[in-house]
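Values in this document were obtained by computation on a predicted structure and should not be read as measured data.
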2 protein chains.
Amino acid sequence: MHGTAEQDILCRTDLFRGLSPDSLRELRRSASRRRLAIQDPVFHQGDPAETFYVVAEGRLRVTQTTADGQQVIIRYVGPAELAGLAVLAGDDLHPSTATAVADSEVIGISRAAIREIMARHPEVAVNAVSVIAARYREMQQRLREMSTQNVERRIAHTILRLAREAGRRTARGIEIAFPLSRQDLAEMTGTTLHTVSRTLSAWESRGLVDSGRRRVVVRRPHELAMLADATG
Amino acid sequence: MHGTAEQDILCRTDLFRGLSPDSLRELRRSASRRRLAIQDPVFHQGDPAETFYVVAEGRLRVTQTTADGQQVIIRYVGPAELAGLAVLAGDDLHPSTATAVADSEVIGISRAAIREIMARHPEVAVNAVSVIAARYREMQQRLREMSTQNVERRIAHTILRLAREAGRRTARGIEIAFPLSRQDLAEMTGTTLHTVSRTLSAWESRGLVDSGRRRVVVRRPHELAMLADATG
DNA sequence: GCGAATCTTTGCGGCGGATCAAAGCGCTGC
DNA sequence: GCAGCGCTTTGATCCGCCGCAAAGATTCGC
């Protein structure tokens, strides 16, 4: 039961998709499973990059902190996604911090194990290229957003993206299925919690969203998308 | 002469570093060489991603254009660097446009050729992971800058980065060795050419830089770096 | 060598969003 | 069940940067 679930999630990742059952079994032997409570750290910015993680369940927040103490959220990572990509690239240190934002379960894979697998199974290395390239594209898109769009559109895009990645259908609309504060949204969009709060309040009064303490529900995704794509 | 130079540049890239002479020779056979005059396009955003390029000489500018026509400069690419990474990842379309900003020479490698090489030489695929991961890190850094720094610091960082990548020592200081307009700097920093112009004028009067029509010389790199790292 | 096109500079006014301040609300823990 | 902490809201003010406009510099083509 235990082992089966683990194998399932590993072969559902873009990284290990298509790997032979034998290799998966071998991989499993060198992998370690870890349960995380909400708020638990997975790794810290500046730690030696020795292990990367596949999220089996739950969600992680990946952040970077600048020299002067400002924090930026790079990404949220959900089931079958990876955290700690620096390990794949053979970098020495983790450039970011990963923290659980929900009770989670992750599978840790050591640098040595993955590098050995990539060397022996070129298809895994090729998959790794695709995985990181996808992240790179994501980051390009966000940079473009930051460069060309005003705050309201950036917040709209961010919320729609999160709703897509981690949305749960409910009677009232699509609920983002993990605690998400105004401060978090500010750190994803390069603004302040005050501006996020004002923006959400305005949307709430127009019936676009329904939000509260660390909670966002998108009530009218289509109208929010219109707003996100409008020029300005 | 021709062939030797090509092999030289290929094995100086991070992607093909360490590849055996035989494999390099084979690679060379499937590669095509192309000369570019300033302003020549290499590929366009939306083109099928069939070929990626190693810059042998000169410099390319990689840009993305948004739906509403705004342009963002993703990066400049110099000798021994790659353009068209989407091809490595097996994506269908080029997400960006590459244009020569100096007379250049590039070596084109087809999607089929590189994928075959990666499948047969895992070390190339592993190198590809590192190459793209480095770009990903770069992009994270720029996103962090855009999120947390004011325009002046962003311009300072950008100019210092360009000076590092493409700087030429001269009597007056470090000259950025390709034409670079106010508009270009604006598209790299998410501001307007007006603000860039004002900023450079202010620096010029303090003796930090010396700039003119599509030309920037850093006269006091250290002081500019102080400014770039100052809080604010 | 002259005109045109392109790039740059600079002034001015306005506004989006940051900052500061303070009160309201909702969890959580004991 | 109440105290206290963390999150959110909202107001008021301020300023960095944009947008517009127009003139000045530099390069290019014929």
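Between A:Glu223 and A:Arg206 there is no salt bridge, since no side-chain N of the basic residue sits under 4.0 Å from a carboxylate O of the acidic one. The pair B:Arg161-B:Glu138 does not count as a salt bridge, with every side-chain nitrogen at least 4.0 angstrom from each carboxylate oxygen. Between B:Arg61 and B:Glu187, no side-chain nitrogen of the basic residue sits less than 4.0 Å from a carboxylate oxygen of the acidic one, so the salt-bridge criterion is not met.
No donor-acceptor contact under 3.5 Å links the side chain of B:Arg198 to the base of C:dT9. Side-chain atoms of B:Arg182 stay outside donor-acceptor range of the base of D:dT26, with no qualifying N/O pair under 3.5 Å. Side-chain N/O atoms of A:His194 and base N/O atoms of D:dT8 include no donor-acceptor pair closer than 3.5 Å.
In this structure, A:Leu185 places its CG atom 16 Å from C1' of C:dG17, rounding to the nearest Å. At whole-Å resolution of the value, CD in B:Glu204 and P in D:dA25 are 14 Å apart. For the pair A:Gln39 CD and D:dC5 P, the computed distance is 17 Å after rounding to whole Å. Put simply, CZ on A:Arg214 is 13 Å from C1' on D:dC5, counting in whole angstrom units. Separating the CD atom of B:Glu152 from the C1' atom of D:dG16 is a distance of 11 Å, rounded to the nearest angstrom. Put simply, CD on B:Gln149 is 15 Å from P on C:dA18, counting in whole angstrom units. Look at CE on A:Met146: it is 12 Å from C1' on C:dG17, rounded to the nearest Å. At whole-Å resolution of the value, CZ in B:Arg213 and P in C:dT9 are 11 Å apart.
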*Test log, rule side chain to side chain contact (heavy atoms under 4.5 Å, CB included), inputs A:Leu88 and A:Leu82*: CA-CA 10 Å; A:Leu88 296 184; A:Leu82 310 183; 4.2 Å; yes
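Among the protein residues, A:Ser197 comes within range of the nucleic acid bases, having at least one heavy atom under 4.0 Å from a base atom. Contacts of B:Leu193 with the nucleic acid, taken as non-hydrogen atoms under 4.0 Å apart, include base atoms. Across all strands, A:Ser201 comes closer than 4.0 Å only to sugar-phosphate atoms, never to a base (heavy-atom distances).
Of the candidates D:dG19, C:dT8, C:dG17, C:dG17 carries the atom nearest the A:Asn150 side chain, counting heavy atoms from C-beta on. With C:dG17, D:dT8, D:dG19 as the choices, the nucleotide that has an atom nearest any side-chain atom of A:Thr191 turns out to be C:dG17.
Two residues, B:Val196 and A:Arg215, neighbour DNA chain D, and the one matched to the more 5' nucleotide by heavy-atom proximity is A:Arg215.
Residue B:Ser181 has no polar side-chain atom (N or O) positioned under 4.0 Å from OP1 or OP2 of C:dC7.
Side-chain contact of A:Gln141 with A:His157: a donor-acceptor pair under 3.5 Å is absent, judged by distance alone.
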